[in-house]
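Small disclaimer: the values here were computed from a predicted structure and weren't measured. Hydrogens, waters and symmetry mates are skipped; everything else that's a heavy atom, side chains included, is used. Letters go in sequence order (proteins before strands), and every chain restarts at 1.
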Amino acid sequence: MNARRAWDRYRTATVFAVTEHLRNRLALVLVLGFVPLWITLVHLVIADGDVTFLLRASGEHLTVNGNHISQISGAVNAVTLIVGFMMFIVTFRSVGFDQRLVLAGYPRSHLLAGKLTALVLATAAVCAYATAVTAVYWTPERPVALWMALCGAALAFGGIGIALGVALRGELEGMFVVIMLSIIDMGLQNPVANPAADSDVVRYLPAYGTMQSGTAAGFVEDVPWAHMALGPLWFVCAVVVAGTVLWMRTRDRRSPLAGMRRGVPRRG
Amino acid sequence: MVRSASPSPQGTAGTPAPATSTLSVRGVHKSYGHHRVLRGADLELPPGCLGGVVGENGAGKSTLLRILAGQLSPDRGEVAYAGRLGYCPQHTVLNPSFTVEQHLRFFQVAYDLPDLALAHELMDLLSFAGYRRHRVGSLSGGTRQKLNLTLALMHDPPLLLLDEPYQGFDWETYERFWELSARLRDRGRSVLVVSHIAFDTTRFDRLWRLEQGRPVPASTGAGEGR
């Protein structure tokens, strides 16, 4: 009975979280239009000349097609912006509503699990689309690994979007921070702007793991699993921060009070 | 910051609420920085009572109600009540992406209700049953407020805390709100309404005017001004 109730709560939270994403028309338009536009423009504009990229996973300098690796960084840029934006907006707009649900008795864990499930589904779909668009212009060595790498970056920015959504007070602030983070991240790791990208600083950027594992997926046989895991690690850290802030915001402040009796008959 | 209740000047901390009360508030203090909003608020609400707290803008009415609802922690004092409560916030707290029916479904799961019979009854009473499939983002302010109120009442709690619950209502709905409140009171529910408008005070069984951070008992007689 309890398992059925828990499943009902999780299922309801998930269905509504997915519904919320599907009703975010701007995000859907961005997914359908921005992803192919960005990758196509990179394909048409960026030169085919060779660039050198330091693949830290193997410690070797790869010489790769500048247009192809730029498509990878463009795809990373597009999916991080879109998923970061989607998660920020959904989280930001529903904080008050979620607090009301929690005070009404909805377990936080079920609400959070529903939102995270929706994030994973949205990430998988958006990144599959970006990988498919990339595959129209050239054939990556390992397309599935490229999809997984993109998912890592999208998850990292999705987690950051959630954290910003619960921590910031203004919609514009959150949008601005997501965009700036993505610009800084991909600007510093862009193989054309910074061909070697061999500064240690880039290792601390959210999409670093994805650029490493995505480049490996595009041009070599080996899959650098440790670097592949960095995106999800960023995601976990961001969600822990978001969860802590959300817990502080939505906790029931009646409980610590002496004399408070909630849901049970009062003594006396 | 949450603090455990410490002994108040009235020495009530840790004391169970009187058996005759659904809600007991004793010595509640709350400050925002140097601004002292509540200065030892006391209030008792028995079962089957329709109570009102009135006061001017900024008097601390919403702060008091948010403390009672568990959204804010008091700096000091004690709040005790029996059973579950329903809280209708001053500003509609809804999700514009969802339909009215989806809101009801979400709160049905939150309240763990077997069905939505009471919610549908409330929708009929407040005349917005025709909007079930409408998304909240497309509703008028008055209809959103009806849903806001329905979400607070649909689990039939023994205690209702309503913050300016009739904002945006037309006259007919306003009248129906009072009919509904009276009906709930007659069924033994305790209802506490907070409002800055005090021209309908005869509808209350008990009335408090929030002055200098304390609810002061006031007359419910006709002709009560602000």
Original post:
For the atom pair CG (A/Leu22) and OG (B/Ser97), what is the distance rounded to the nearest 0.5 Å?
Top reply: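 So the CG of A/Leu22 and the OG of B/Ser97 are separated by 10.5 Å.
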Original post:
What part of A/Leu111 lies closer than 4.5 angstrom to a heavy atom of chain B: side chain, backbone, both or neither?
Top reply: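 Answer is side chain: those atoms of A/Leu111 sit under 4.5 Å from chain B.
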**OP:** Would you mind checking which part of A/Arg93 comes under 4.5 Å of any heavy atom in chain B, side chain (CB onward), backbone (N, CA, C, O), both or neither?
**Re:**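 For A/Arg93, there is no contact with chain B at all, as no heavy atom is under 4.5 Å.
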Subject >> Verdict with reasoning, B/Phe106 to A/Tyr106, per side-chain contact (heavy atoms from CB on, under 4.5 Å) >> reply: CA-CA 9 Å; B/Phe106 225 153; A/Tyr106 216 108; 3.5 Å; yes
Original post:
Who wins among B/Arg135, B/His91, B/His103 for the most heavy-atom pairs under 4.5 Å with chain A?
Top reply: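 The candidate making the most pairs under 4.5 Å is B/Arg135.
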Original post:
When you look at CD of A/Glu173, are more than 12 heavy atoms from neighbouring residues, nucleotides or ligands closer to it than 6.0 Å?
Top reply: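 Buried by this count: over 12 neighbours within 6.0 Å.
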Original post:
Does B/Tyr111 OH have over 12 foreign heavy atoms under 6.0 Å away?
Top reply: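 Atom OH in B/Tyr111 is packed in, count exceeds 12.
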Original post:
Going by atom types only, do B/Asn95 and A/Arg100 share a side-chain donor-acceptor pair under 3.5 Å?
Top reply: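 Absent: no donor and acceptor within the cut-off.
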**OP:** Look at the rings of B/Phe98 and A/Phe16 and say which category their plane angle falls in: under 30° parallel, 30 to 60° tilted, over 60° perpendicular.
**Re:**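 Aromatic pair B/Phe98/A/Phe16 classed tilted.
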Original post:
Are the charged groups of B/Arg105 and A/Asp8 less than 4.0 angstrom apart, N to O?
Top reply: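 Between A/Asp8 and B/Arg105 there is a salt bridge, with a charged N closer than 4.0 Å to a carboxylate O.
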**OP:** Among A/Thr19, A/Leu101, A/Val90, A/Val15, single out the residue with the greatest number of heavy-atom pairs under 4.5 Å to chain B.
**Re:**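 Result: the option with the highest number of such pairs is A/Leu101.
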Subject >> Region of B/Thr99 that comes under 4.5 Å of a non-hydrogen atom in chain A >> reply: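 For B/Thr99, the contact with chain A is made by backbone and side chain together.
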